[in-house]
Novice: 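Quick one: the structure is below, and I'll ask about it shortly.
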Amino acid sequence: MLTVFIVAISYLWNDFLYVYFYKRIFEEKYSSAVTFRITFLLWMIQFFTKIVPSFVLGLEMTVFLSLLMMILHMVHLFVLFEGTVLKRTVALVMAIIVQASMDFLGLNLTSKIVGNYELLQVGSEFTIVALFASCTTITIGMVLLTKIWKLIENIDWKMTKKEWFCVLLPISQIFFLWHMIVRYSVNYKVIPVMTMNGCILGLIADVYMLLLFVRLSKKNETKKQLEGLKHQQELEQMRYEQLKKSQEETAKIRHDFQNYILTLKRME
């Protein structure tokens, strides 16, 4: 029972890490109390549809239930927080990737410490140590993701084809992580160092891709501002030309009028 309790608490902690991330990059649709209740409801659904079946039916069942968990997290995000579809989708994908990558890192660290691999086994020393290690690594990962996102929060998230590449690459990495879960966790095998490095490098590549997208967005924004200034300069030049022409016409009229007055004086 202790193992099941610790697993349940770790899932609740992870759910609130998602909320921690979302609250800093999105506006809440409801009060914090409502957000807390719905997040707690999400955890309850996870407890009865994933945590309990994981111990009763084995890890083979949790692989299929992971897809349900992703759907629940998407509903959780879209119901509680405001933002464009693109921005919320990218945030969800990045959060899942960070959680999965840091979870794998925690499992590998545990295997180095404990020396075996007995994931989600009742009374298993590995499972208990792995939960604490994974919660720690996931917390660090989500905090870093939040800080990185704050650096790129000026992205102009629009529903255009170019911006959607920001989510297509990370989604491909989710499939890669899914394969890792099936191949190693279900078979109780330690993830190879090269595979683990691939997960971490993929995560770094996703973050770098977002940073490049920020630079592109800033470049496009600067280009738009320059075009606006150029157009404004052209308008000012046109006004100047019109004003100059008007002044020349006024000077000509004044000259003609003075000649007219002189002619009248001579006629007197």
Side-chain angles (χ1 to χ4, degrees), residues 18-32 35 74 77-98 141-173 201-268:
Y18 275 83
V19 174
Y20 162 82
F21 174 51
Y22 296 150
K23 283 173 71 72
R24 278 153 183 77
I25 64 175
F26 297 117
E27 291 185 5
E28 291 182 83
K29 292 183 179 180
Y30 311 103
S31 65
S32 296
T35 301
M74 178 174 289
L77 169 59
F78 277 72
V79 168
L80 292 179
F81 298 93
E82 294 181 345
T84 64
V85 175
L86 175 60
K87 185 176 181 180
R88 285 183 290 180
T89 302
V90 173
L92 175 63
V93 171
M94 292 302 299
I96 292 175
I97 290 175
V98 168
M142 294 298 281
V143 171
L144 290 177
L145 177 62
T146 303
K147 291 184 178 298
I148 292 172
W149 193 284
K150 296 297 288 184
L151 295 175
I152 60 178
E153 63 181 355
N154 292 327
I155 291 180
D156 186 12
W157 297 97
K158 296 179 180 179
M159 301 290 290
T160 59
K161 295 180 180 179
K162 181 173 61 178
E163 281 78 359
W164 272 103
F165 279 107
C166 273
V167 69
L168 292 180
L169 266 175
I171 283 179
S172 66
Q173 190 177 345
L201 289 175
L203 175 60
I204 294 174
D206 290 334
V207 173
Y208 183 64
M209 177 198 64
L210 286 175
L211 293 175
L212 288 177
F213 180 62
V214 172
R215 294 177 185 176
L216 178 62
S217 297
K218 290 181 178 179
K219 182 179 178 180
N220 291 336
E221 185 64 27
T222 302
K223 184 178 178 180
K224 289 180 180 178
Q225 291 177 356
L226 289 175
E227 289 177 352
L229 290 174
K230 183 179 179 180
H231 179 66
Q232 184 176 359
Q233 183 182 14
E234 291 174 351
L235 292 177
E236 292 296 333
Q237 184 66 28
M238 290 177 60
R239 292 194 191 98
Y240 171 76
E241 296 293 339
Q242 291 176 353
L243 180 61
K244 184 178 179 181
K245 185 177 180 181
S246 177
Q247 288 177 339
E248 290 176 352
E249 291 178 352
T250 302
K252 183 179 180 181
I253 293 173
R254 188 187 302 114
H255 182 266
D256 292 342
F257 186 71
Q258 288 175 348
N259 289 337
Y260 177 73
I261 293 175
L262 289 174
T263 302
L264 290 176
K265 287 183 176 179
R266 290 171 183 172
M267 291 176 64
E268 293 176 353

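No experiment lies behind these values; they were computed from the predicted model shown.
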Novice: Search all heavy atoms of Phe21 against all heavy atoms of Met142 and return the closest pair with its distance.
Specialist: CB-CE, 3.9 Å

Novice: Please list, chain by chain and in numerical order, all residues satisfying side-chain contact (heavy atoms from CB on, under 4.5 Å) with Tyr20, sequence neighbours excluded.
Specialist: Arg24, Val143, Thr146

Novice: For Glu227, enumerate each residue passing the salt bridge (Lys or Arg N to Asp or Glu O under 4.0 Å) test, keeping only those at least two apart in sequence or located in another chain.
Specialist: none

Novice: By side-chain contact (heavy atoms from CB on, under 4.5 Å), which residues pair with Lys23, not counting sequence neighbours?
Specialist: Val19, Glu28, Ser32, Phe81

Novice: Which residues satisfy the side chain to side chain donor-acceptor pair (under 3.5 Å) test with Gln237, sequence neighbours excluded?
Specialist: Glu241

Novice: Sequence neighbours left out, what passes side-chain contact (heavy atoms from CB on, under 4.5 Å) with Gln233? Give chain and number order.
Specialist: none

Novice: Going from CG on Leu92 to OH on Tyr22, what distance comes out if it is rounded to the nearest 0.5 angstrom?
Specialist: 4.5 Å

Novice: Mind listing the closest non-hydrogen atom pair of Tyr30 and Thr35 along with its distance?
Specialist: O-OG1, 4.4 Å

Novice: Is it possible for you to check whether Arg88 lies under 6.0 Å from the centre of the six-membered ring of Phe78, through NZ or CZ, and within 45° of that ring's axis?
Specialist: yes

Novice: Tell me, please, which residues at least two apart from Glu234 pass side-chain contact (heavy atoms from CB on, under 4.5 Å).
Specialist: Lys230, His231

Novice: Could you tell me which non-hydrogen atom of Ala91 sits nearest to which non-hydrogen atom of Ile25, and how far apart they are?
Specialist: CB-CD1, 3.8 Å

